[in-house]
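Below is one structure; the comments refer to it alone.
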Amino acid sequence: MSTKNRRRMLSVLVHLFSVGTAMSVPGKLSFASYFSDEMVLQRSPQAAIVWGYCKKPGQNITVTVSGRQPVGAFSVDYPDVQGGVWSVSLSPEDGPGPVTIEATDGHDSVRLSGVLFGDVWICSGQSNMEFTLDMALNATTELADAVHYQNIRVFTATKRTSSKAELDLLQIDEPWSKPSKDTLGHKPWTYFSAVCWLYGKYIYQKLNYPIGLVASSWGGTAIELWSSPDALKLCNIPNDSNRKKSAISNSQLWNAMMHPFTKMTVKGAIWYQGEANANKPDTYKCTFPTMIDDWRKKFSAASGTTPNFPFGFVQLAPNRNDSSVTSGFPDIRWHQTADTGYVPNHRQQNVFMSVAMDLPDFTSPYGSIHPRDKEDVSRRLALAGLSVAYNMSLGPFQGPQITAFYADIGFFTVGFEFDDAVDIEVRSKSGFELCCSTNNQSRCDGTDSVWMETPIIKEEPHKITVSYTGTCSNKYIMGYRYAWRESPCPFKECALYVKGTDIPFGPMFGLGLINDKHVTPKENKIV
């Protein structure tokens, strides 16, 4: 082991035993595991929570921020924790710091140094969130550039499971650290998350105040593992079932890797997951928005985090180089938007996304399911996040929505009109399909129908026209879909983009009779 690595291992051990958790320093005055020097606490208008442990319940703990007016706390008993647990809510801080935070019981004291106040983001999901910066395209450039972002701090939780909701983390891979080649590119699949870092970097470039990034992810894991029993119950999913591939029971990652963070005040969360649910995608329509609701509820109750905190996600990227696959990934993408095709929507308020279906990497050495281009993914996510979470006007961050459609039976065409917020750029004629059936009540499930490719034959600033000549003749047109493939197009060559940008339209889907009436999706009962 190199001297550098020995020093880093020693620093981690010192952190674990000096900061203190219920496991590392039971019954002693200490901060919880994820409070350490050089961390970022949530800035105003929210009030950051600081908490930890002490010798016994009933002790009075005083917390002081850089010599300012002390804040008192009364420690309480907590199940399975030796000694007491204390918690204080600091006065809202504009920051940025650095400050020193000291806790004392009147005899002993512990201290955090170099603490900054900024926005704290949780980054979670499966392998494409775990995918580290040193594995990504342009890794050398990105790692060298890290020195310019010393007010961004990173933290990585260890992959652990638990059968009960843990108060604190069971283990830490990377304590709060300043960005460097090692802290961001330690080694593949360790730390630090490429999407988490790049998202933080891109929003920092606009915000110009400290950003704290907390990575807590595990490759190959399904959403049920990250959902609490309360959330699963709402979707009629048992909380004691094992996942065949991972042999981890439902909720066990929520228990060990997310529940401890609910006592940390945060700005928001970003999420990259869904691949592990693609084989059985139907429940995702419920589990995903319900998980978001549940995280918000539990973070708010435990730490005072804004009840409707912003939540961003990456819509699934492509996988296999096989244009015939029309189930699994397309279904997950649709359910990620609560079957609307866009966010925010009526079901998912204060939610934003990055559309990634046009960024395939079929030759990725990590497998096509792990595309290496995390820069485009993260730029799109940051643009959407700055627009939704920070209310910045930076231009369009997603494609427009269909406002009306109609068939011209005489010319065998269907026209799709979009809202006029942006102009359309057509990069490919393919991508749209129509459902053809002899049954005017068809649900387009294949029993009495067929999906036929319909090329774009005309493009206008806010409208496109597709042709169904020879495909749906003498049949009812019962639905439409767009980009409904696991891997719908070559790199940045899907059909529709926001003109003058690299922002792609997301997948679209609708069922209902399409005729010569000029109707809206709502009027046509599109689902």
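Heavy-atom basis, side chains included; hydrogens, waters and symmetry copies ignored.
Side-chain contact annotation: Ser217 with Glu130, donor-acceptor N/O pair under 3.5 Å absent. Judged by distance alone, the side chains of Asp339 and His335 do bring a donor and an acceptor atom under 3.5 Å apart. Counting only N and O atoms by type, the side chains of Thr290 and Thr287 include no donor and acceptor under 3.5 Å apart. Side-chain contact of Glu275 with Asn319: a donor-acceptor pair under 3.5 Å is absent, judged by distance alone. Side-chain contact annotation: Gln126 with Gln273, donor-acceptor N/O pair under 3.5 Å present. With 3.5 Å as the limit, one finds no donor-acceptor pair spanning the side chains of Asp419 and His462. No hydrogens or angles considered: nothing links the side chains of Trp226 and Ser124 as a donor-acceptor pair under 3.5 Å.
Atom NZ of Lys492 is surrounded by more than 12 heavy atoms from other residues, nucleotides or ligands within 6.0 Å.
Remark: Lys267 is not positioned above the aromatic ring of Trp121, lacking an NZ or CZ atom under 6.0 angstrom from the ring centre and at most 45 degrees off the axis. Judged by a 6.0 Å distance limit and a 45° cone about the ring axis, Arg320 is not positioned over the six-membered ring of Phe362. Taking the ring axis of Phe131 as reference, the NZ or CZ atom of Lys374 stays within 45° of it and closer than 6.0 Å to the ring centre. For the pair Arg43 and Tyr209, the cation sits on the ring face: its NZ or CZ lies under 6.0 Å from the ring centre, inside 45° of the axis.
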Trace of the salt bridge (charged side-chain N to carboxylate O under 4.0 Å, His left out) decision for Lys201 with Asp145: CA-CA 10 Å; Lys201 171 183 171 178; Asp145 191 44; 2.7 Å; yes
Test Arg380 against Asp358 for salt bridge (charged side-chain N to carboxylate O under 4.0 Å, His left out), laying out the working first. CA-CA 12 Å; Arg380 293 172 181 178; Asp358 66 329; 2.7 Å; yes
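Electrostatic pairing of Asp134 and Lys187 does not count as a salt bridge here, judged by no charged N lying under 4.0 Å from a carboxylate O. At a threshold of 4.0 Å, the pair Glu459-Arg427 does not count as salt-bridged, since none of the basic side-chain nitrogens sits closer than that to a carboxylate oxygen.
Centroid-to-centroid, the aromatic rings of Trp189 and His370 come within less than 6.0 Å. In summary, the aromatic rings of Trp176 and Phe155 are positioned with their centroids under 6.0 Å apart.
Ring-plane geometry between Phe288 and Phe311 is classed as perpendicular, the angle between the planes exceeding 60 degrees on a 0 to 90 degree scale with a lower cut at 30. Taking the six-membered ring where tryptophan is involved, the planes of Phe261 and Tyr34 are tilted, since the angle between them lies from 30° to 60°.
Of all heavy-atom pairs between Pro400 and Phe505, the closest is CD-CZ, 3.2 Å. Shown here for Pro371 and Ser368, the closest heavy-atom pair between the two residues is CD-O, 3.7 Å.
Residue Asp173 is tested with Thr158, Thr190, Thr156 for a side-chain hydrogen bond (donor to acceptor under 3.5 Å, both in side chains); the sole match is Thr158.
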